[in-house]
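Values reported hereafter were calculated over all heavy atoms of this structure, with side chains retained and with hydrogens, waters and symmetry mates removed.
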Amino acid sequence: MLCLLSLLTSSVQAAERFPDGHLPAADAPASAYGDDVRAGPAGQPNADDLAGIAEHQRQQGHPATALRLAQRVLVYAPDHPQAIQTRISSLANLGAHRRAEQLREQHHPDWPQATQNRFEADVATVAIRDGTQEQTRLERRQHYATSDVELAGSLESLNANLARFPPGSEASHRTRFDRLVVLRQLNRFEAVIDDYQALQRESVSVPTYAKGPVADAYLAHRQPEIAAGLYREVIGANPRAPLAVRTGYYYALIESEDYAGAAEVLRQLDANTPVWRSRPNQASPVPNWERSEVDRLLVLDATYRHHEEDALKQARDLYRQAPRNTDVINGLSTAQRSRGWYEDAQSTAELAAAYAPSDQATRLNIAENAQDLENFPRWQHTIEPLAAQFPTDSAIRRNRLEWQDRQHFSVEGQGSFGRSHGGNAVNGSQDGEYQLRLNSPWIEGGYRAYVEQSYRWGDYEEGAERHDREGVGVERQWLRRHWWAGLSGEHVSDDLGLELGWSQWLDDHWQYQLRTQTQSPETPLRAERDDLDGRLYQAQLIWRQNESREATLTLGALDISDGNLRSDAAADLTQRIQASAHHQTRLIGSLSAEHNSQLDSDYYNPEDTHSVGLTLEHDWLTWRRYNRSLTQNLSLGAASEWETGYGSAPGYDVTYGHTWQLTRTWSINYGVGWGQHDYEGEREQRWLGQFGFEGVL
């Protein structure tokens, strides 16, 4: 703390001596430079005093001022050693290391080895700056294979300097700080953290310019709280820190789930980043490239908060302003994809690819769109070379893992248990069911096989009924089309039934599905007890406007072998009414009707039933840590239900549950529920528990 206070005090003193870097006139007397400067023989400032001030200015971070002072000394004292050394060091500080090296070879300054080491460290720092600029230039031109060459050379120079410089010396510390910067630019994040922690163990104070790269490394290694603290230190020391530091701070807060803090950071970025940047001594301003980055970040922020409509509007506005900017085009494609408009997103991404086919972000965008459009060959042919070229990019790595998931077995299961009171018409006093399914890996062409087992049971007044089936099947999924065919039976071979299905998206808004089963599990258990079976025919039409509004129409017929034809129709409309980063609320309106052609049966079989209902669903993302999360789910439903011969009655349903995302590929869900409905005039209350899971093996 004392060292820091001393440094700040010296910096203030240096700034007060020459405010804004303004020097006295070249022929000004010694007193113009300060009371501590003596007069020389001809009235000019004393060479030793002025050279000492010049070196002090350089050490306090004012190399331009130091260079001008040293050059004034050399006008009337050409061989002054301190002025020569300061001139050379200042040139190196300013990036003119070639000129500095020429002067060093010309004058052979008799400076200590420590000074020579500092000079060589300065030269290495300038090379890092040049290498970083070259990396940026080449990446903008999509020359990724050679973009790191200069920085890799700088790392070798730094390592060589470290081997020569005495441990603990100023030059050694400076080199270790610079090494943090280079390693970060080369995306060697683990090495950055290791080196930083070594400096901490040695109680070495790391300057703010090197803490930004360290924060980037911690953020890349999914330690956002540490990263946020380091970003705060950098911004606290320099409120005008580079944009990369301030946006890094935003991402660290987002990944720490501090959305309120992230909103404040983004508000400041938006308010303090003008569209135009003025130029000294120039009448016309120039466009501020940082404004474009902030605008794109505003689009992403709206997406993170599930404000997809706002995100798309902002993305379209940016596109109208810069229709050939590939970053803007990719942002528009991402906003379209977040709304479920995958074909629109693909068309937009293709436009970006036409302008910059080798661009990293564009290629990832195309891979993600191919995934959503189920164009699996294109997904593979895009993501595999991309992952090989950019192995450290987290978004690319995740997308490739999702591709590789298709080469693994997967498993899913769902079960429930219910207990009823006050009625025995439908569920029995107790009931339960479960379904298990094991899927093979997907093979070329979008095919996979599966095996499954289902089990249902219920306890009725006349006794318990059990029904289980095992089955095998094959399915194909490609280009948003899906068909499946399966055989199932009791004890594998008894009462074999066939299931066939077909589903297809016609565009981004319309999907239809056709399904038939010859031994349908929709057949009532009491009918199964009497050796009856049901043949199901079902058609479904889905309209999806966007992520917030969706409607479904389902028509079905169950042809039971006792001659009864049970036909039904159902329609529902889902409207999301609230959305934020951690909360989403939906309102679902539903209509349904069912008719049975024969009434004399041993199972629940009213001639007609109708229902009009409204359900409120809320999901609360309570906790999240990258691939792991906990979401609480609450559903409240009420309906007006009508049954032939018994009139209308209200129906109620309440469910509450948890969904745990355990890893990227494994999740479990469980919950409890309560419902109250009338069947044949009797009021039934039912408690329900359920559990499910899915994952990749």
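- Side-chain atoms of Arg179 and Thr175 include no donor-acceptor pair closer than 3.5 Å.
- Distance OG1/Thr132 to CD/Gln185: 4.5 Å, rounded to 0.5 Å.
- Using modelled atom types and a 3.5 Å distance limit, the side chains of His307 and Asp301 yield no donor-acceptor pair.
- Side-chain atoms of Arg58 do not come within 3.5 Å of backbone N or O of Leu67 as any donor-acceptor pair.
- Under the 3.5 Å distance criterion, with hydrogens and angles disregarded, a donor-acceptor pair is assigned to the side chains of Arg398 and Asn627.
- The structure places CZ of Arg324 at 8.5 Å from CG of Leu351, a figure rounded to the nearest 0.5 Å.
- For residues 222-264, the pairs satisfying ring-ring contact (aromatic ring centres under 6.0 Å, His included) are Tyr259-His582, with sequence neighbours left out.
- Separating the OG1 atom in Thr208 from the CG atom in Leu230 is a distance of 11.5 Å, to the nearest 0.5 Å.
- The closest side-chain donor-acceptor pair between Thr348 and Gln336 falls under 3.5 angstrom.
- With rounding to the nearest 0.5 angstrom, the OG1 atom of Thr65 is 10.0 Å from the NE2 atom of His22.
- Side-chain N or O atoms of Arg291 include none that pairs as donor or acceptor with a backbone N or O of Pro274 at under 3.5 Å.
- Inspection of the Arg378 and Asn369 side chains reveals no N or O donor paired with an N or O acceptor under 3.5 Å.
- Between Arg184 and the choices Asp216, Asp178, Asp195, the salt bridge (charged side-chain N to carboxylate O under 4.0 Å, His left out) rule is met once, by Asp216.
- At least one donor-acceptor pair under 3.5 Å links the side chain of Arg246 to the backbone N or O of Ala241.
- Judged purely by distance below 3.5 Å, without hydrogens or angles, the side chains of Arg363 and Gln389 pair a donor atom with an acceptor atom.
- A donor-acceptor pair is defined here as one N or O able to donate and one able to accept, closer than 3.5 Å; no such pair exists between the side chain of Glu134 and the backbone of Glu150.
- Counting only distance, with no hydrogens or angles, the side chain of Ser333 and the backbone of Asn330 share no donor-acceptor pair below 3.5 Å.
- Between Ile396 and Asp393 the shortest heavy-atom distance is N-OD1, 2.9 Å.
- Counting only N and O atoms by type, the side chains of Thr86 and Gln82 include a donor and acceptor under 3.5 Å apart.
- For Asp148, the salt bridge (Lys or Arg N to Asp or Glu O under 4.0 Å) criterion is met by no residue, not counting sequence neighbours.
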